[in-house]
Visitor: 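Before we start, here is the structure in question, set down as structure tokens.
Note that the numbering runs from 1 along the sequence shown for the chain.
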Amino acid sequence: LVEELLAAGKIEDPATEHSEAYLVRSIAAGRAPQVAFLGATGIATLYAVYHYLEKECGFGFYWDGDHIPRNDTVPVEGVNISAQPHFNERMCMNLTLYWYSVPWWDWDDWKAYIDWTLKVRFNILSLWCTPGEDVAWEKTWKRLGVKVDDASYSGPPYGIFAPIKYGIRGPSPKGWRDGQSELTKRIVEYARARGMRTLAPAVPGIVPPEYVASYPNARTFENSWAHLPKQKYPHPMSTQYHDVGKVFLEEYISLYGTDHLYWLENYLECDVEGPIELQQDVRREITGANFRIMNEIDPRGVGILSAWTYLSNPHVWTPQLINDHLKRLPADRIRVLDQWGDVKPEYKATDYFYGLPWYFGVIHSFGGTTTLHGNMPLLEKRVHEITEDPLAKRCVGFSPTEEVFHHNYFYFEFMMKLGWNPKEVDLQAYTRDFVRERYGESAIPVMTSVFEQLLASVYSSDDLTLPGYWHRLGSDSSIFNLQCANRIKFVPHLRKALEYALQMKGELSDNSLYLHDLNDIGRQYLAELFNAHVIRLQAAQGALDKEMFEREAELLEQIMDYITEILSHDDYYWLSPFLRKARRVPGAPSDVDQRVRDILTLWAGVIRDYASRDYYELVDGYYHPRVTAYVKALRDALNMDQEMIYDQVALEDEYDAIERKWVTEGFPLVERKPDPKSVIGTVENLLTRFRDAEQL
């Protein structure tokens with residue numbers, strides 16, 4: 001029937017517009033009413049189906065689940081949808097997600113993620129630093145005559161980043177490497193079967209300790225990241241670098257095939273050790289060396305290059321060095337990813353990457369920024385600017401490069417829609433659609449008001465201040481400063497959002513997405529109060545006001561109790577399921593429980609509390625005891641009429657003891673059945689309990 005309509009000119013073939021254009025049309029043509037789904041390619045037809053389900057049927061597709069309305073019929077008449085992307089290449093997945101979100105995923109998790117990326121119309125899955133590459137490295141070293149001990153590899157989940165591939169919390173059991181390889185095969189096969197392309201890892205050049213013994217005359221240098229042990233690398237212009245890289249890509253492709261997309265290395269945040277001449281030489285030549293290897297293996301290959309290194313090392317990456325570095329690459333087979341284009345657009349500092357094609361990137365979430373946050377009006381403005389800027393005509397792609405996900409669904413869904421075609425997206429209309437597709441048509445009047453309050457506060461701010469209880473209060477070693485005095489202005493908006501949301505408790509109490517949102521907004525409200533009252537606690541101690549201090553100390557403890565309670569209701573916010581899952585991963589090391597806890601807290605002793613977030617067991621056994629220790633240290637000083645902590649060293653030692661105990665000894669896994677609906681009563685209680693606390 002569609003072929004007849006195309007031949008008669010009654011519908012136009014979307015393939016004439018774009019390879020991923022599609023249409024959805026009501027058609028009759030003398031028959032009973034039907035709906036035609038027509039895409040220029042298979043993946044485009046899949047997009048058409050999801051588009052119809054969202055816009056015509058009220059489906060909602062989110063990280064925390066789907067909303068499927070219970071309708072007796074689906075719309076057949078009056079359907080008229082046409083769409084095509086603005087950004088041809090839309091890439092998802094970032095390497096640090098393998099630390100902070102997905103290290104213990106099984107196949108069902110990956111399948112759900114790929115399905116979601118298709119529902120939001122993305123077409124490239126990055127496998128940058130996937131653990132599946134480790135078997136390719138194992139085969140590489142065998143071919144090159146280098147016997148690498150399991151203990152030399154960094155253990156899971158640390159070793160996914162090339163600059164720490166070796167020597168960090170080993171070993172990496174062979175069973176783990178083989179299991180991750182099999183999982184990677186399923187991932188790429190499933191993605192390709194649905195029309196997605198996958199992006200192969202970079203050739204980083206790092207070599208294991210055993211390499212030097214086998215190749216003592218190799219031209220090498222040292223590289224380091226985050227003050228971790230220095231690692232050996234062959235020089236990019238050496239034959240050894242070329243030989244290692246070529247064998248690695250051959251082995252990777254033999255295992256997983258290719259979609260002709262490859263990351264190109266440029267050492268990101270790393271420090272190249274040695275004289276400045278060596279540093280500049282390595283940085284200038286590394287990407288060109290990568291490209292030559294890729295081109296030799298795959299003459300159809302396209303290289304993707306991250307611009308993050310230019311931001312992270314601006315004192316090293318001068319404009320001249322960046323230009324020289326990029327000149328080593330052919331303009332027709334390269335993409336430069338401007339990873340933080342929404343906040344610190346590198347394309348503007350480099351004259352649009354000197355004419356190379358590039359991607360606009362968005363970093364909404366670093367490892368621990370999982371609170372409700374993000375300047376959505378600014379994001380909308382920035383992306384629209386790209387589409388209207390004639391100098392940005394070589395911006396061919398869009399890529400969210402978050403470090404952690406499964407939070408902030410309102411923001412992320414908006415970002416992904418902008419990544420398809422910004423011209424189809426308006427924040428006000430999006431908000432109404434989001435409410436309809438997440439909760440149902442009848443929820444629009446009330447739940448739209450909820451998100452209007454969030455847009456008036458946490459979702460219209462660049463402020464990334466985190467909950468103070470996530471970090472060592474009063475400690476100079478905290479990586480984030482507590483600067484939150486002005487954020488009390490968000491609290492009335494958060495209260496109103498909760499009050500509006502509670503109006504729908506009867507209708508939406510069986511909607512898990514509603515319960516998640518109520519939990520998230522409630523915790524944000526409590527976090528803002530905590531930060532404001534920590535400042536008041538400190539002020540009371542500084543003024544030697546014991547009465548005020550005790551009022552504030554009691555209030556902070558109660559806030560922490562409520563945060564623990566609100567998380568305790570729903571296993572979506574528990575660590576216990578992750579631990580059970582991690583234990584089941586093929587080849588998981590015997591201390592996998594400790595590794596799960598460590599990556600979220602001490603991070604091998606390097607970047608403590610970077611991946612902070614609200615999990616029930618983490619708040620209960622790690623964050624809350626540190627808050628109690630801090631309050632006690634202030635109280636002890638106050639009782640001696642001291643205006644500041646009397647013994648900072650003793651407080652740091654107590655923090656150390658709390659942290660080490662939680663990481664090394666762990667906690668009993670939660671065995672009880674979750675009760676997500678209990679969040680409704682908890683939110684009602686906390687709004688009553690803390691009403692007076694809003695008045696500062």
Visitor: Should we say atom CZ of Arg300 is surrounded by more than 12 heavy atoms from elsewhere, each under 6.0 Å from it?
Guide: no
Visitor: Mind checking the CG-NE2 spacing from Asp675 to His569? Nearest 0.5 Å is all I need.
Guide: 7.5 Å
Visitor: What is the ring orientation for Phe578 with Tyr615, classed by angle as parallel under 30°, tilted 30 to 60°, or perpendicular over 60°?
Guide: tilted
Visitor: Please check if atom NZ in Lys505 has more than 12 non-hydrogen atoms from other residues, nucleotides or ligands closer than 6.0 Å.
Guide: no
Visitor: Around atom CD of Glu385, are there more than 12 heavy atoms of other residues, nucleotides or ligands at under 6.0 Å?
Guide: yes
Visitor: Taking the six-membered ring where the residue is Trp, are the ring centres of Phe414 and Phe434 under 6.0 Å apart?
Guide: no
Visitor: Could you tell me whether the side chain of Asp433 reaches within less than 4.5 Å of the side chain of Lys55, counting heavy atoms only?
Guide: yes
Visitor: Could you tell me the separation between the OH atom of Tyr409 and the CG atom of Asp517, rounded to the nearest 0.5 Å?
Guide: 7.5 Å
Visitor: From Cys129 SG over to Met93 CE, what is the distance, rounded to the nearest 0.5 angstrom?
Guide: 12.5 Å
Visitor: Tell me the closest heavy-atom pair linking Ser399 and Leu337, and the distance in Å.
Guide: CB-CD1, 3.8 Å
Visitor: Among Lys417, Arg436, Lys119, exactly one meets salt bridge (charged side-chain N to carboxylate O under 4.0 Å, His left out) together with Glu54. Which residue is that?
Guide: Lys417
Visitor: For Phe412 and His407, I'd like to know if the aromatic rings sit close, meaning centre-to-centre distance below 6.0 Å.
Guide: yes
Visitor: Are the side chain of His364 and the backbone N or O of Glu402 linked by a donor-acceptor pair below 3.5 Å?
Guide: no
Visitor: Using 30° and 60° as the class limits, which term best fits the ring planes of Trp105 and Tyr113: parallel, tilted or perpendicular?
Guide: tilted
Visitor: Take the angle between the ring planes of Tyr50 and Phe61 and call it parallel below 30°, perpendicular above 60°, tilted in between.
Guide: perpendicular
Visitor: Nearest 0.5 Å please: distance from the CG atom of Leu418 over to the CD atom of Glu413.
Guide: 11.0 Å
Visitor: Between Lys677 and Asp510, is there a salt bridge with N-O shorter than 4.0 Å?
Guide: yes
Visitor: To check you understand the geometry: which heavy-atom pair defines the closest contact between Met196 and Leu118, and what is its length?
Guide: CG-CD2, 3.5 Å
Visitor: Ignoring hydrogens and geometry, is there a side-chain-to-backbone donor-acceptor pair from Glu403 to Tyr100 under 3.5 Å?
Guide: no
Visitor: Would you name the heavy atoms of Pro75 and Glu56 that are closest together and state the gap between them?
Guide: CG-O, 3.1 Å
Visitor: Is the closest basic N to carboxylate O distance between Arg186 and Glu189 below 4.0 Å?
Guide: no
Visitor: Compute the ring centroids of Phe410 and Phe451, then answer whether they are less than 6.0 Å apart.
Guide: yes
Visitor: In terms of relative ring orientation, are Phe398 and Phe87 parallel, tilted or perpendicular, with 30° and 60° separating the classes?
Guide: tilted
Visitor: Please round to the nearest 0.5 Å and tell me the distance separating atom CG of Leu305 and atom CH2 of Trp263.
Guide: 8.5 Å
Visitor: Please tell me whether Tyr190 and Trp110 form a close aromatic pair, meaning their ring centres lie under 6.0 Å apart.
Guide: no
Visitor: Rounded to the nearest 0.5 Å, how far apart are CG of Leu127 and CG of Leu261?
Guide: 10.5 Å
Visitor: Taking the six-membered ring of Phe353 as reference, does the cationic atom of Arg394 (NZ for Lys, CZ for Arg) lie under 6.0 Å from its centre and within 45° of its axis?
Guide: no
Visitor: Flag the pair Arg438 and Asp64 as a salt bridge only when some basic side-chain nitrogen lies within less than 4.0 angstrom of an acidic carboxylate oxygen.
Guide: yes
Visitor: Does any part of the side chain of Val362, heavy atoms only, come nearer than 4.5 Å to the side chain of Arg382, both counted from C-beta?
Guide: no
